[in-house]
Amino acid sequence: MAFYIQKYGGTSVGSTERIKNVARRVAKFHSQGHQIIVVVSAMSGETNRLISLANEVQANPDPRELDVMISTGEQVSIALLSMALMELNIKAKSYTGAQVSILTDSAHTKARILNIDEDKIRKDLQDGYVLVVAGFQGADKTGSITTLGRGGSDTTGVALAAALKADECQIYTDVDGIYTTDPRIVPEARRLKTVTFEEMLEMASLGSKILQLRAVEFAGKYKVKLRVLSSFEDEGEGTLITYEENKDMEQPVISGIAFNRDEAKITVSGVPDHPGIAYQILGPVADANVDVDMIIQNVGHDGLTDFSFTVHRRDFSGTMEILKNKIQPHVGARDVIGGDRIAKVSVVGVGMRSHAGIASKMFRVLAEEGINIQMIATSEIKVSVVVDEKYMELAVRVLHKAFDLEQVVQN
Ligand code: ASP
Ligand code: MG
């Protein structure tokens, strides 16, 4: 007998028919004697619908009230799923995040989980219940409802698995695992049987939207056994996120190609090249709560240098304004230019640690296609380039082929 946390995303509970399907799947595991806590998202589209309602009333919705509202999507799902389970003669009970005592900080719309009260949950499990817990939400110490950021139900699942020491946290979604790249762009993309936690972390932060980044970080911190599976297929083992590197000789150097269209590039040119300049430019950007991704500072010439970085596309115009109005006059930069028609393409793989030449191979392959590289960033297990958005898909395709990801011998 095992103890599973099973998380079902919005598409998997997108209609009452689908909810009944999830109930049948949960019932199957339950009848095999496993203990199960189910975490569900709101029905697909519901959270977006709620957010736009709020926007109709308040231009910048009050975060506390927004949380009160957007947490209701999940509340509908948990009740419906519990009912569906009862129809299959299974003892089921639903809980909102606050009811099950998921304590968070008070950072509305992006709260962090601080503690989960186990007692109630343990008792229900012992009494033979399937628990159905609302994802994406908790309550702070004053009892105000909080939410965990878009995609936050993944984090609820992982946090429950960590707190209760579940055997596995299974993330059921509309794809059957983590792929070498998005199959919509490269039809030959293959499902990975395993992916290391570090690779998953890179892929999630590089824009693969399958798992919320915070959920992956959480899983890593507590070494939660995490598996991504399809909720639409009965068979299939999905992709397991592992914490050990596979030392197999056949293990490919590169595990996947990630990409992200959500970025924009900004260059501050002709800045005086003296100590403190990076701070003077990026300090005010950070103060405006804008996350900066890649940063490049050029070698100085004649006492001047250029400084480039990328931000999320939605922060582009706000950041340009800060730079033009506050920073440029202050530091005496020549110009601030930028563009939001860029994309980032990355090759990721822990095998890079023991193999040289990955970056140069990547650059050669892109050059052969005439794709210009605008920026480069590397870490121990990834090489990222910024290219014109219109070449993104081509870049992903040629790299996928060049790194033999179609024919990889799977571990
Ligand atoms: N319903 C929330 C969202 O759409 C949380 C989730 O689906 O994980 O972001
Ligand atoms: Mg999701």
Side-chain angles (χ1 to χ4, degrees), residues 5-16 18-19 21-22 37-55 61 63-82 94-100 102 104-105 107-113 116 131-140 145-162 169-175 178 200 203-205 207-219 224 226-232 238 241 262 312 314:
I5 310 291
Q6 300 192 327
K7 181 260 171 178
Y8 291 89
T11 357
S12 310
V13 296
S15 65
T16 49
R18 288 190 174 171
I19 289 176
N21 262 327
V22 169
I37 299 179
V38 190
V39 174
V40 282
S41 294
M43 296 169 82
S44 55
E46 181 61 9
T47 309
N48 287 343
R49 188 184 72 86
L50 292 168
I51 291 173
S52 50
L53 278 182
N55 286 328
R64 183 183 181 279
E65 302 314 320
L66 188 62
D67 274 352
V68 170
M69 192 169 72
I70 61 179
S71 61
T72 61
E74 273 70 14
Q75 192 167 334
V76 172
S77 306
I78 54 172
L80 286 172
L81 180 57
S82 300
S94 71
Y95 286 107
T96 66
Q99 284 175 325
V100 83
I102 297 181
T104 71
D105 61 19
H108 285 289
T109 75
K110 46 176 187 296
R112 284 186 181 269
I113 296 178
I116 296 180
L131 265 69
V132 185
V133 176
F136 177 55
Q137 56 182 268
D140 72 4
I145 295 173
T146 53
T147 64
L148 310 177
R150 297 307 304 270
S153 299
D154 293 343
T155 299
T156 305
V158 172
L160 281 167
C169 178
Q170 304 175 332
I171 307 280
Y172 286 91
T173 175
D174 49 0
V175 293
I178 308 294
M200 195 60 235
M203 292 193 210
S205 68
S208 148
K209 304 240 160 48
I210 296 176
L211 284 175
Q212 195 203 30
L213 176 60
R214 197 182 270 189
V216 182
E217 288 168 352
F218 212 112
V224 172
L226 192 60
R227 193 186 288 279
V228 176
L229 304 131
S230 163
S231 63
F232 298 110
I241 287 123
D262 299 335
H312 195 283
R314 70 165 175 258

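In each ligand, atom 1 is the first atom listed, and ligand 1 is the first ligand listed.
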Contacts of type ring-ring contact (aromatic ring centres under 6.0 Å, His included), residue Phe136, not counting sequence neighbours: none
Hey, does Glu46 sit under 4.0 Å from ligand 1 if you only count heavy atoms? no
Is there a side-chain contact between Leu81 and Val22, using heavy atoms and a 4.5 Å cut-off? yes
N or O contact, Phe136 vs ligand 1, cut-off under 3.5 Å: no
For Arg150, the ligand 1 atoms with a heavy-atom partner under 4.0 Å come out as 3 (C), 4 (O), 9 (O)
Answer yes or no for Gly135: is there a heavy-atom contact with ligand 1 below 4.0 Å? no
Who are the salt bridge (Lys or Arg N to Asp or Glu O under 4.0 Å) partners of Asp262, not counting sequence neighbours? Lys209
Is Asp154 in polar range of ligand 1, meaning some N or O pair under 3.5 Å apart? no
Could you pull out the closest heavy-atom pair between Leu229 and Gln170, with the gap in Å? CD1-CB, 3.7 Å
Do Arg214 and Glu217 sit within salt-bridge range, that is, some charged N less than 4.0 Å from a carboxylate O? no
Check Gln212 against ligand 1 and report side chain, backbone, both or neither, counting heavy atoms closer than 4.0 Å. neither
For residues Thr147 and Asp67, is any side-chain donor paired with an opposing acceptor at under 3.5 Å? yes
Got an N/O contact under 3.5 Å between Lys7 and ligand 1? no
Under 4.0 Å, counting heavy atoms only: does Gly151 come that close to any atom of ligand 1? yes
